[in-house]
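Dropping a structure here in structure tokens format, bear with me for questions.
Proteins get letters first, then strands, A, B, ... in listed order; numbering begins at 1 in each.
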2 protein chains.
Amino acid sequence: MSYTPPRRLNSMALKRLVTEVGRSRYATLADALREHVLRGEWPPGVAIPSEQTLAADHGVALGTLRRALELLVDDGLIERIHGRGTFVRTGISGATMLRFFRFRTDQGDVPTSRILSRKRVVAPPDVASRLGSGRGDEVLHLVRVRSLAGAPCLLEHSWLPLPQFKALASGATEAWGDLLYPLYAERCGVRVHRALEEIRFDSLSASNARYLGVPAGHPCALITRTAFDLVGNCIEVRKTRGDAHAFEYTITLT
Amino acid sequence: MSYTPPRRLNSMALKRLVTEVGRSRYATLADALREHVLRGEWPPGVAIPSEQTLAADHGVALGTLRRALELLVDDGLIERIHGRGTFVRTGISGATMLRFFRFRTDQGDVPTSRILSRKRVVAPPDVASRLGSGRGDEVLHLVRVRSLAGAPCLLEHSWLPLPQFKALASGATEAWGDLLYPLYAERCGVRVHRALEEIRFDSLSASNARYLGVPAGHPCALITRTAFDLVGNCIEVRKTRGDAHAFEYTITLT
DNA sequence: AAGTGGTCTAGACCACTCT
DNA sequence: GAGTGGTCTAGACCACTTG
């Protein structure tokens, strides 16, 4: 990895914090800072002003400012790096569907991806409601198989809103690579910041089963991911299916 | 709710913090305080000494002490209540298996419980390894059905280490009530502090299927919970099975 | 050497809970 | 009113990253 010195933003206009009754100073401050991020004034990957600067600009003590930033860190909105600065996060990590399955192979590998189908369609009702689009709106529908060591293991259906993703509606899909989120970022300027995943058990339709090399009606785990950007707009609905017998997921309660 | 004034512990012997190199003061302090809890010197439900007292006893500033306590709060070890004090937590909450299933009924209800079987057995190998007991050790095996509105929905197998749970090995099971964890606490003095839950997909054996009123081989979700006490000893292994079609679980990614 | 975030202090004042 | 935890300040010093 080559080193790129962080671009740094200038101090903002001095704007003293307006005190809200019954609300802590750091909570109000956190909201103010969050607004800056959501409005895109502090783009991802760029260092925001330093603690000292922000504290002075808002007329609060350092400790108070730090508590505000801690809230945003817990939100997953920003990231602090000792000695370098504070950065707006560029997207979620650890989003691999593989964490739901145990497939016996060399672990740590990204499964390869092959696009089977790409079409403009009218979104099915449940997908449309998750996307927040109107009935009858056209969306981009992708189907792809993901394989490990040449063996197909996951079948993924994705629905993407148009015209936001129109850059993906044409052109060769062979060069897309194995991951979609980097593609979304590069070609469409869209970053996934938060996602909801629903797990269910289902059985495979004849057409879906064919791609995974199992008989129709075979039991599968179905993971429906609804992905959102920074502002909270739905960006993608994805349904991933894999052999139910390979499914395994662990939760820690405290 | 009637009010019970919190019992409060006396100040501990003054013991200045031994500085460890390369480690923050509050982290070392947190470990020291954690030890007090684990050794049982600060029992659950009792208020531990106040911020002022603890800070003075360990020779640190208030802010430093507060950071240490924050770590323990994040651990789920203690709980702070404004104006009342700081308390050792008594056990995990939200441990209901119902959160994995959608059963169409009046929600918020605790499912009723009926014990089908209670025996001393040699634990099956996978259970023994989770319990951390030796091969051939006897454990207490419980089987119970849980029902909502009279309809059986979950089948639970539990394995409990002996002699720790010998108080449950005899006597009428009819009066046990619908929840096991309160029973563990009252009769055996055992509290569940942390738990690991593994979700898998399975199909019901003939004997298991009968109790749920479905045909043998019916698909089911299998949740294996391994529960631990404060100190980290395994307390219970529980396998819960429910209709796979009723299974639904949601995760938020950030 | 300069700039960043991380730790720690010592104090003031506030909000909440209970006697 | 006395005691608890929660907020906020203003400062010192440290550890880490870079030029």
Pairing donors with acceptors under 3.5 angstrom, does anything connect the side chains of A:Thr224 and A:Glu198? no
Using a 4.0 Å heavy-atom cut-off, does A:Ile81 contact any base of the nucleic acid, only the sugar-phosphate backbone, or nothing at all? sugar-phosphate
What's the closest nucleotide to the side chain of B:Arg84 if the choices are C:dT17, C:dT7, D:dG6? C:dT17
Can you tell me which stems DNA chain C forms, taking runs of 3 or more consecutive Watson-Crick or G-U pairs with both distances under 3.5 Å?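 Stem list for DNA chain C: C:1-18 with D:1-18.
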Step by step, work out the side-chain contact (heavy atoms from CB on, under 4.5 Å) result for B:Val110 and B:Arg146. CA-CA 9 Å; B:Val110 173; B:Arg146 312 206 63 192; 4.0 Å; yes
Nearest to side-chain heavy atoms of B:Ser24, which nucleotide of D:dT9, C:dG5, C:dT7: C:dT7
Quick check on the 6.0 Å ring-centre criterion: do A:Tyr184 and A:Phe165 meet it?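 Ring centres of A:Phe165 and A:Tyr184 closer than 6.0 Å.
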Please tell me whether A:Arg144 and A:Ser113 have a donor and an acceptor in their side chains that are separated by less than 3.5 angstrom. yes
Between A:Glu197 and B:Tyr249, does any side-chain donor sit less than 3.5 Å from a side-chain acceptor?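 On atom types as modelled, these side chains do not qualify, holding no pair under 3.5 Å.
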With the side chain counted from C-beta on, respond yes when A:Trp42 and A:Pro49 share a heavy-atom pair under 4.5 Å apart, and no when they do not.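 Side-chain contact under 4.5 Å: yes.
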Across the strands shown, which category fits B:Arg67 at heavy-atom distances under 4.0 angstrom: base, sugar-phosphate, nothing? sugar-phosphate
Choose from C:dG6, C:dC8, D:dG5 the nucleotide whose nearest atom is closest to any side-chain atom of B:Thr86. D:dG5
